[in-house]
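Heads up: the structure comes next, in structure tokens.
Not measured: the values here are computed from a predicted model.
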Amino acid sequence: MEMKISNCFPTQKWCGGSPFSRQVNVRFYPLPSQRLPPASGKMRHRRNFSLQNKKKQTKTISSERPLDVDLQSSDDVDSDTEKMSKQSLSSSNQEVLIEENVDTLTETKSSDEITYSSVDSNEDGQPSSVHLKDLIGMIRNAEKNIHLLNEARVHALEELQKVLGEKEDLHGKINILEMKLAETDARLRVASQEKIRVELLEDQLEKLKNELFSSRGSEENVLHVNNSVPLSRSDSVNSLSEEFDSLRKENILLKQDLQAMKSELSLVKETDERILMLEKERSVLESSLSELESKLAASQEDVSELSSLKSECKNLYEKVEHLQALLAKATKQADQAISVLQQNQELRKKVDRLEESLEEASIYKLSSEKLQQFNEQMQQKIKLLDERLQRSDEEIQSYVQLHQDSVKEFQDTLDNLKNETNKKALDEPVNEMPSEFWSRLLLMIEGWSMEKKISKDDAKLLRELVWKRDGSICDAYMSCKEKNDREILAAFLRFTSSPTRPGLHIIHIAAEMAPAAKVGGLGDVVAGLGKALQEKGHLVEIVLPKYDCMQYESIKDMKVLDVVVESYFDGRLYKNNIWTGTVEGLPVYFIEPQHPGKFFCRGQVYGEHDDFKRFSFFSRVALELLLQAEKRPDIIHCHDWQTAFVAPLYWEIYVPKGLDSARICFTCHNFEYQGTAPASELTSCGLDAYHLNKPDRMQDNSANDRINPVKGAIVFSNIVTTVSPTYAQEVRSAQGGKGLHATINSHSKKFAGILNGIDTDAWNPASDNFLKVQYSASDIDGKIQNKEALRRLLGLSSSNFRQPLVGCITRLVPQKGVHLIRHAIYRTLELGGQFVLLGSSPVPHIQREFEDIGNHFQNHEHARLVLKYDEALSHLIYAASDMLIIPSIFEPCGLTQMIAMRYGSIPIARKTGGLNDSVFDVDDDSIPLQFRNGFTFVTADEQGFNNALERAFNYYMNNAETWKALVQKDMSIDFSWDLSASQYEELYEKAVLRARAASRS
């Protein structure tokens, strides 16, 4: 399997700037996907607490800086040069070594394919010895690759010394040039003063001449003044002019030298960026390797589990066949009994007629012999009929008894099977069919519909059967899944009854979805919210761009449809291929444009110069796909500025075309990024820039000639949300709204804040494989063992197991309050605690500052700074920490505090954004006791932070049992997507009901 690893790190969170990016093609051995354990039920905790019960913040931060603000001064030139030199050499060495190792990984590709084919053909589900050897060989090859990458890093460090020498030379030259430049400037000032003095002397000389002429002095004096004095003056002026010209030439040469030095520095800066990218790529490779190793271990468990499941399925099939035979036998006997009953009814009718005849005969009292003979014959016939009737009754009774016995046997067998099934369900609660199965059926039906293999009405009926997970269509597919598409299609078309619609049809149009295409929190929201809504019975579909840098191994059943969707852009129609697949159990459509600009084949998700064109193109194709597939969604949900174009495109272009069933929901995850562009660029996707570039539509509030996609989505959407209630209030102010506060306030009736959730399966201390010991809220002793494991790993003192451990896991950027993080290290040590920091900074001077602090505490027994990203270490720090600090300046939502509480680490957080909606101070009497879960502070200064930290330490040291109860309460809080999905569900349903009411009126 070939995987393309791409580093997509924009200088601004999702947009803006053109960061240096590099791709490395590395072949990895494919491993079986690891199953996630079922989510354990937890007590639901109210996260979105009423703002009336909270204390309002008394102070606000005077200024907020974006993540990519350049904070360097001119004094940082030396350190920048050093970083650039290091990265230049490291980049070149790593490129060579990675290219040498690609061929090594390629040699085992064919053997992997043979291994998988052998595993698939093994009926018992047991892994063959060849398979195990190949897996071991794959791990060894991966270890060799890591070793080679480490050697490349060592070589780069050896070359670093040479570059440092060159840097010192460049630094000396710059100092010399600056000194010469200063000297030249001084000489120029002296020359200017001399020139002014000469001009003054000339004026005085002219005055003397005038006085001499007026006094009519002697001719000798006049001649002396006219001849000798001008000569001396002329010589002085000429010498000064020559000196001034020479100084000017020397100044020009010095400026040229300085310009040359600046060009050399720019080249060094480029190499700095390249080595930084390579370092990040190395860390991605290491994390990928650790993930492969964990998947290898899980694959062994999956193989053994598959074997037991096959044997259970075989037994179940045998029991079902036996039940079917019994049922057929019972049905046959019931048919026979019914036929005998029918004959009996006919005989009874004949007897009734004969009795009527006898009654008539007795009324007339006929006495003739003929009548007597007739009576005798009738009596004989009646006797014969009675005998036949008696025999029929006996046969019916025997058939009924036999049928009852068969039904009883069938019922007993069915009850036994139900009991076994219920017992198994109690032991291992799993669904009959996973979400991937139903998503695969849905994508198959959508493919038939788009390829015109079935009618629109048939597609609708089949889609709704899959929608409500009808067992009959599941059985039909299972019975013919080995057959060709034509036979499967014929089996599906037998379902003609129209089912009841079970829920809403929701389509997310987004730029990210975890784990296939994830850069930030947006990808987690699309996947988490989609799964939660699907579990509530709604039909959820996702539309994404088909990036070349996606994690294709996380996409199942990916295939291209035999259909091409054409869409308008820049005055002409462009074709687009449509791919389908399932991600996290959700059906996903991937759009691959056939545009010469190769919009989504850039090796990164964001950060291109034409991002506005890329995503406006995608937004239009997504709506064109819904129109041509004849979909009738109830909700179209778009996210951030990249798909904000969907809202105006829907109402301006696609509603008139017939795509008019949906309400539009727009979620902005961070108002820092708005994607503004010149108004003329809006016409590319077919929108009327003149019509929309107005203050009440899409015109940017700070520039009349620019378009703001986020503003357009706010104006044109039926529902507008952001990622926490407090952040929703903050953005309504001038400081938090980043220029959109007026627009948000004018549309406040449709604006809401809903707190995000976390993936409680991935973040679960009871099943986390990264931990030394798993634990739960009912048994938190595992935290102590994980704390000891972290101390041994980082070389910290373990002499006092009750010594509080404070953790911090963050990106070191101004938004996260780096000045308070720095202060927290020293204050924790002063209070007698231990401190562990995990994180890095894209801002060079901040990274250097914390590197200096880390070097200072390198051998300290109570503090350690790990200035990199490490997934495994982050899990262990969450589990081992007693407290975790989150001193953010602003935080739209934040997931760190939720994960910390999930692992029993008490949060110390600043009251802002999502932190204010999820962390409630234990000493705040205005908050009900059951909701208090951490320590908070308001002002972003050392005094406010100290107060919260010292209260936490006092609580921990003096109230052990109360602290334990607080840990258990935090671990029991439900931070899953369930409540958030219910809030979105309520907004969706209200919008749909309003739309239906409006259409009826």
Side-chain angles (χ1 to χ4, degrees), residues 40-58 724-727 729 753-758 760 763 765 775-781 783 802 804 806-807 878 881-888 891 893-939 944-976 978-980 982-983:
S40 59
K42 294 292 181 182
M43 177 186 74
R44 182 67 202 179
H45 180 69
R46 291 177 59 194
R47 304 201 307 267
N48 297 328
F49 192 78
S50 175
L51 292 175
Q52 296 176 356
N53 295 330
K54 300 179 183 179
K55 289 184 177 179
K56 296 185 178 179
Q57 291 183 231
T58 58
S724 70
T726 298
Y727 188 60
Q729 293 299 318
I754 298 177
L755 192 67
N756 289 339
I758 61 173
T760 53
W763 297 103
Y775 61 98
S776 63
S778 59
D779 181 13
I780 63 173
D781 291 339
K783 274 191 71 68
R802 280 285 299 163
V806 180
Y878 280 122
S881 298
D882 298 301
M883 312 159 200
L884 197 130
I885 63 168
I886 315 105
S888 300
E891 194 68 70
C893 176
L895 303 180
T896 303
Q897 74 278 13
M898 302 180 193
I899 300 171
M901 287 186 274
R902 175 81 166 156
Y903 282 72
S905 182
I906 306 303
I908 301 173
R910 181 172 174 269
K911 292 172 67 66
T912 180
L915 298 174
N916 190 49
D917 297 314
S918 54
V919 183
F920 307 107
D921 199 290
V922 297
D923 296 324
D924 189 350
D925 294 334
S926 65
I927 304 295
L929 186 62
Q930 64 269 26
F931 299 129
R932 303 179 197 176
N933 55 11
F935 298 87
T936 63
F937 61 99
V938 177
T939 58
F945 176 79
N946 285 347
N947 177 265
L949 183 66
E950 290 165 8
R951 287 190 293 115
F953 265 67
N954 182 61
Y955 210 88
Y956 176 85
M957 300 300 294
N958 301 324
N959 302 280
E961 291 301 320
T962 310
W963 183 271
K964 180 179 179 181
L966 178 62
V967 170
Q968 291 177 321
K969 180 171 68 174
D970 281 11
M971 292 184 68
S972 301
I973 300 174
D974 183 8
F975 283 112
S976 69
D978 184 64
L979 178 59
S980 302
S982 298
Q983 293 174 323

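Gln968 contributes atom CD, which lies 9.0 Å from atom CG of Asp779 (distance to the nearest 0.5 angstrom). Considering OG of Ser905 and CG of Asp882, their distance stands at 7.0 Å, rounded to 0.5 Å. Residue Leu755 holds its CG atom at 6.0 Å from OG of Ser980, rounded to the nearest 0.5 Å. Atom-to-atom distance recorded for Leu949:CG and Ile908:CD1 is 5.0 Å, nearest 0.5 angstrom. With values rounded to the nearest 0.5 angstrom, Lys911 atom NZ is found 6.5 Å from Asp924 atom CG. Here Thr936 contributes atom OG1 and Ile886 contributes atom CD1; the two are 11.0 Å apart, rounded to the nearest 0.5 Å.
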List the steps, then state whether side-chain contact (heavy atoms from CB on, under 4.5 Å) holds for Ile885 with Arg910.
CA-CA 9 Å; Ile885 63 168; Arg910 181 172 174 269; over 6 Å; no
side-chain contact (heavy atoms from CB on, under 4.5 Å), that's the test. Do Asp970 and Ile906 meet it? Break it down for me.
CA-CA 8 Å; Asp970 281 11; Ile906 306 303; 3.3 Å; yes
Given Arg802 and Tyr956, is the side-chain contact (heavy atoms from CB on, under 4.5 Å) satisfied, shown in steps?
CA-CA 9 Å; Arg802 280 285 299 163; Tyr956 176 85; 3.6 Å; yes
Worked check of side-chain contact (heavy atoms from CB on, under 4.5 Å) between Asn954 and Glu950:
CA-CA 6 Å; Asn954 182 61; Glu950 290 165 8; over 6 Å; no
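Of all heavy-atom pairs spanning Pro804 and Met957, the tightest one is CD-SD, 3.9 Å. Nearest heavy-atom pair across Thr726 and Thr912 is CG2-C, 4.4 Å. Across all their heavy atoms, Phe937 and Ala948 have their closest contact at CD2-CB, 4.0 Å. Residues Ala900 and Leu884 share a closest heavy-atom pair of CB-CB, 4.2 Å. Between Thr760 and Arg902, the shortest heavy-atom distance links the atoms O-NH2, 2.8 Å. Closest approach of Asp917 and Ser724 over heavy atoms only: OD2-CB, 3.4 Å.
In terms of modelled atom types and a separation under 3.5 Å, the side chain of Ser982 and the main chain of Asp978 share a donor-acceptor contact. Using a distance-only test at 3.5 Å, with no hydrogens or angles considered, no donor-acceptor pair links the side chain of Arg932 to the main chain of Leu966. Under a 3.5 Å cut-off, the side chain of Tyr903 and the backbone N or O of Lys783 do not form any donor-acceptor pair. Checking side-chain atoms of Asn933 against main-chain N and O of Phe920 turns up a donor-acceptor pair under 3.5 Å.
Counting heavy atoms from C-beta on, the side chains of Glu891 and Thr896 never come closer than 4.5 Å. In this structure, the side chains of Ile780 and Pro765 stay at 4.5 Å or more apart for every pair of heavy atoms. Looking only at side-chain heavy atoms (C-beta outward), Val919 and Met901 come within less than 4.5 Å of each other. Looking at Met971 and Tyr775, their side chains come closer than 4.5 Å, going by heavy atoms from C-beta outward.
Taking the six-membered ring for Trp, Trp763 and Phe975 have ring centres at least 6.0 Å apart.
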